[in-house]
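The structure appears below as structure tokens.
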Amino acid sequence: MFIGYGDEVITSEKGRVVEESPTATNEQWETIVSFSGSSTNFTEPFTIPGSEWRAKLIHEGSFFSLTLYNAYDGSIEETLLTATSPGAREIYLHRSGTFYFSIISTGNYEIIIQEKTAVSNGGQMMDNGS
């Protein structure tokens, strides 16, 4: 399924959420890795041990495409975003594994990969008992 916003196309698959304007919450996120550049590139592999994570990205230029690959076998997991205008977005995913991105960009970009962490009401990390 494709969802259009103006002159951009955002894919919506596998229970993933793409937000144009993130809302403030009490969630805690740990940065796993970040990538930046200004052209077409493949990233280094990164591992997500938990099951909930997000890609926060800012991109400039007239075209930006972000595709997620499985690092173990090189298969495409899904195209996360195809945009024809600059912007800032958050893409939420629910799967663990080792991945890398294929990035096609006509301008500067920054991608920050963050994993959701468990937080108690007092803001302290929770111990899961294991």
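The analysis underlying the following values was restricted to heavy atoms, covering all of them including side chains, and did not include hydrogens, waters or symmetry mates.
The side-chain heavy atoms of Trp29 and Ile112, taken from C-beta on, include no pair separated by under 4.5 Å.
Using the six-membered ring where Trp is involved, Phe35 and Phe101 have ring planes that are perpendicular, over 60° apart on the 30 and 60° scheme. Using a 30° and 60° split on the angle between ring planes, Tyr69 and Tyr100 fall in the parallel class, below 30°.
Ile58 and Leu80 fall into different hydrophobic clusters, where Ile, Leu, Val, Met, Phe, Trp and Tyr residues are linked whenever their side-chain heavy atoms come under 4.5 Å apart, directly or through other members. Ile104 and Phe99 fall into different hydrophobic clusters, where Ile, Leu, Val, Met, Phe, Trp and Tyr residues are linked whenever their side-chain heavy atoms come under 4.5 Å apart, directly or through other members. Hydrophobic clustering, with ILVMFWY side chains joined whenever heavy atoms are under 4.5 angstrom apart, keeps Phe63 apart from Ile91.
To the nearest 0.5 Å, the span separating CD1 on Ile76 from CG on Asn70 amounts to 11.5 Å. Considering NE2 of His59 and OG of Ser85, their distance stands at 6.5 Å, rounded to 0.5 Å. Going from atom CG of Leu93 over to atom OG of Ser51 covers 11.0 Å, rounded to the nearest 0.5 Å. Atom CG of residue Leu66 and atom CD of residue Glu78 lie 10.0 Å apart, to the nearest 0.5 angstrom. Atom OG of Ser34 sits about 9.5 Å away from atom CD1 of Ile111, to the nearest 0.5 Å. Lys56 contributes atom NZ, which lies 8.0 Å from atom OG1 of Thr31 (distance to the nearest 0.5 angstrom).
The two atoms that bring Asn108 and Ser38 nearest to each other are OD1-CB, 3.1 Å, heavy atoms only. Residues Ala55 and Ile113 come closest through the heavy atom pair CB-CD1, 3.7 Å. Closest of all the heavy-atom pairs between Thr106 and Ser62 is OG1-N, 2.9 Å. Of all non-hydrogen atoms in Ala71 and Pro45, the two that sit nearest each other are CB-CB, 4.1 Å. Residues Ser75 and Asp73 share a closest heavy-atom pair of OG-OD1, 2.7 Å. When all heavy atoms are compared, the tightest approach of Ile32 to Thr47 is CG2-O, 3.8 Å.
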>> Using side chain to side chain contact (heavy atoms under 4.5 Å, CB included), reason through Phe64 and Leu57 one step at a time and then give a plain yes or no.
In response: CA-CA 11 Å; Phe64 184 83; Leu57 59 105; 4.0 Å; yes
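A donor-acceptor pair is defined here as one N or O able to donate and one able to accept, closer than 3.5 Å; such a pair exists between the side chain of Thr117 and the backbone of Gln28.
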